[in-house]
Amino acid sequence: MFCGIALGWAFAMYTGIGILATVSPTVHGWAVAMQATSNGMLNAMDQIMNEGIVALAVIAAAAIMTLIEKQTFADYWLQWNQAFGKRFWQGVPLGFAMLSLLLVAIWALHGFSLAGLAETGAPALKYGLLWAIAFFLVGVFEDFTFRGYLQSALGDGIGFWPAAIILAVVFGAIHWHNKGEALFGCVMAGSFGFLEAFALRRTGSLWLLIGMHASWDWGETYFYGTPDSGAIGAGHLFNSSFHGPKWLTGGTVGPEGSWLVFAVLLIWALAIHLSFPAKRAPHLRDSPADLPVNMGHGV
């Protein structure tokens, strides 16, 4: 796959290009994107700007790597002809449904409640759209970085699942830098990364992952108005509150810090297993270019 370029050099080149493209002192672009406004709330327009920059940076870095490696974005699991297609719209309701299931479970144990609408009419529509754009960009950046180029490159060298485990651990560890994040939240983030690797294995498309990721974050920050990795978004639909032990509610991290999240992740994995049956022939390699048409380059 690497046309004579050693795996380590390819990683170094991709990371270096990404850092230069962001003109940032850190590769944790989303940590910059999680800066709060003066009133302690996240701003959707700031998120769009920051996440847009880092998303473009990793896409630009990968575009350069396609020339060096003589590959296409489909070889990195991102098929442009599937953008906002079937896989994406399968992912959107799945991510939102799993978040809702988690919050219903917390509510059933008397740890979560809604207290009416925070926004109505045109402002509600405006914020809903802005946060949708922001979290779509979050999905593109994080999922393409960890489940796209790096998963493809590392998986080609050591195998799909070893690469998925390593990248899930790294993905979880990086969330330590988010405001209000705790060790448990980092473990959850890593587990979510591994779940996404499973979804990628079954579908061969990042668009399902981007849809799931974006709708989960959108549901937390905008629809339900809960903390998302320890941060509250300005302009949310419902007022909500948590009450009860931290193991149940997630504390300042938000619902993703609840112990119940692991049960939801298992249900989520089962939903993916049933919705996208394994069709991959055992003799095929781990490269996305080697997947069957209905799992890789086709919808």
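None of these values were measured; they are calculated from a predicted model. FYI, side chains are in, hydrogens and waters are out, and symmetry mates aren't considered; it's all heavy atoms of this structure.
- A 4.5 Å side-chain heavy-atom check between V253 and D228 finds every atom pair outside the cut-off.
- A124 meets the side-chain contact (heavy atoms from CB on, under 4.5 Å) test with E119, Y222, L237; sequence neighbours excluded.
- Put simply, the side chain of W259 does not reach to within 4.5 Å of the side chain of V261, judged on heavy atoms.
- Taking the six-membered ring where tryptophan is involved, the planes of W218 and F96 are tilted, since the angle between them lies from 30° to 60°.
- We find the CD1-CG distance between I210 and D143 to be 5.5 Å, quoted to the nearest 0.5 Å.
- Here the side chain of S240 pairs no donor or acceptor atom with the backbone of L114 at under 3.5 angstrom.
- How far CE of M212 is from CG of L206: 10.0 Å, rounded to the nearest 0.5 Å.
- You'll find the side chain of E51 reaches within 4.5 Å of the side chain of V54, heavy atoms only.
- Residues F160 and R201 are in side-chain contact: their nearest non-hydrogen atoms beyond the backbone lie under 4.5 Å apart.
- Ring centroids of F136 and F84 are separated by less than 6.0 Å, placing the two rings close together.
- No continuous path of ILVMFWY side-chain contacts below 4.5 Å connects L270 to V104, so the two sit in separate hydrophobic clusters.
- Scanning for side chain to side chain donor-acceptor pair (under 3.5 Å) contacts around S275 gives an empty result, with sequence neighbours left out.
- Atom CG of residue L67 and atom CE of residue M65 lie 10.0 Å apart, to the nearest 0.5 angstrom.
- Here the shortest heavy-atom pairing between L200 and L209 reads N-CD1, 3.8 Å.
- L130 and L125 sit in two unconnected hydrophobic clusters of ILVMFWY residues. Membership requires side-chain heavy atoms under 4.5 Å apart, directly or through other members.
- Here the side chains of L137 and I48 are in contact, with some heavy-atom distance below 4.5 Å.
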W161/F194 under ring pair (Phe, Tyr, Trp, His ring centres under 6.0 Å): CA gap, chis, key distance, verdict: CA-CA 9 Å; W161 288 116; F194 193 71; 5.5 Å; yes
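- Residues L99 and F223 are not in side-chain contact: their nearest non-hydrogen atoms beyond the backbone lie 4.5 Å or more apart.
- Rounding to the nearest 0.5 Å places CZ of R87 at 5.0 Å from CZ of F276.
- Looking at T66 and Y76, their side chains never bring a donor and an acceptor atom within 3.5 Å of each other.
- Under a hydrophobic clustering in which Ile, Leu, Val, Met, Phe, Trp and Tyr are joined whenever their side-chain heavy atoms come within less than 4.5 Å, directly or via other members, L150 and V169 fall into different clusters.
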Going through the distances and angles, do S113 and H243 end up as a side-chain hydrogen bond (donor to acceptor under 3.5 Å, both in side chains)? CA-CA 8 Å; S113 60; H243 24 84; 3.0 Å; yes
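- In this structure the side chain of P255 reaches within 4.5 angstrom of the side chain of E220, judged on heavy atoms.
- Under a hydrophobic-cluster definition in which Ile, Leu, Val, Met, Phe, Trp and Tyr are linked whenever side-chain heavy atoms come within less than 4.5 Å, directly or via other members, L102 and L266 are assigned to different clusters.
- Using a distance-only test at 3.5 Å, with no hydrogens or angles considered, no donor-acceptor pair links the side chain of W247 to the main chain of S258.
- In this structure, W77 has its ring center no closer than 6.0 Å to that of Y149.
- With rounding to the nearest 0.5 Å, the separation of OG1 in T226 from CG in N239 is 12.0 Å.
- A donor-acceptor pair under 3.5 Å links the side-chain atoms of T145 to the main chain of F141, judged by distance alone.
- Here the side chain of Q71 pairs a donor or acceptor atom with the backbone of E69 at under 3.5 angstrom.
- Side-chain rings of Y127 and W131 stay apart, their centers remaining 6.0 Å or farther from each other.
- H213 and F171 have perpendicular rings, their planes meeting at more than 60° on a 0 to 90° scale where under 30° would count as parallel.
- With N43 contributing its side chain and D46 its backbone, the two residues share a donor-acceptor pair below 3.5 Å.
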Can you check side chain to side chain contact (heavy atoms under 4.5 Å, CB included) on I272 and L94, steps first, answer last? CA-CA 9 Å; I272 292 170; L94 186 55; 4.1 Å; yes
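- Proximity of a side-chain donor or acceptor of D75 to a complementary backbone N or O of T72 within less than 3.5 Å is detected.
- For the atom pair E196 CD and S191 OG, the distance stands at 12.0 Å (nearest 0.5 Å).
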In sequence, state the C-alpha distance, the side-chain angles, and the governing distance for W216 and F135, and then conclude on ring pair (Phe, Tyr, Trp, His ring centres under 6.0 Å). CA-CA 9 Å; W216 173 284; F135 289 121; over 10 Å; no
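- Counting only distance, with no hydrogens or angles, the side chain of D156 and the backbone of S152 share no donor-acceptor pair below 3.5 Å.
- Proximity of H273 to F198: side-chain heavy atoms (C-beta onward) are separated by under 4.5 Å at one or more points.
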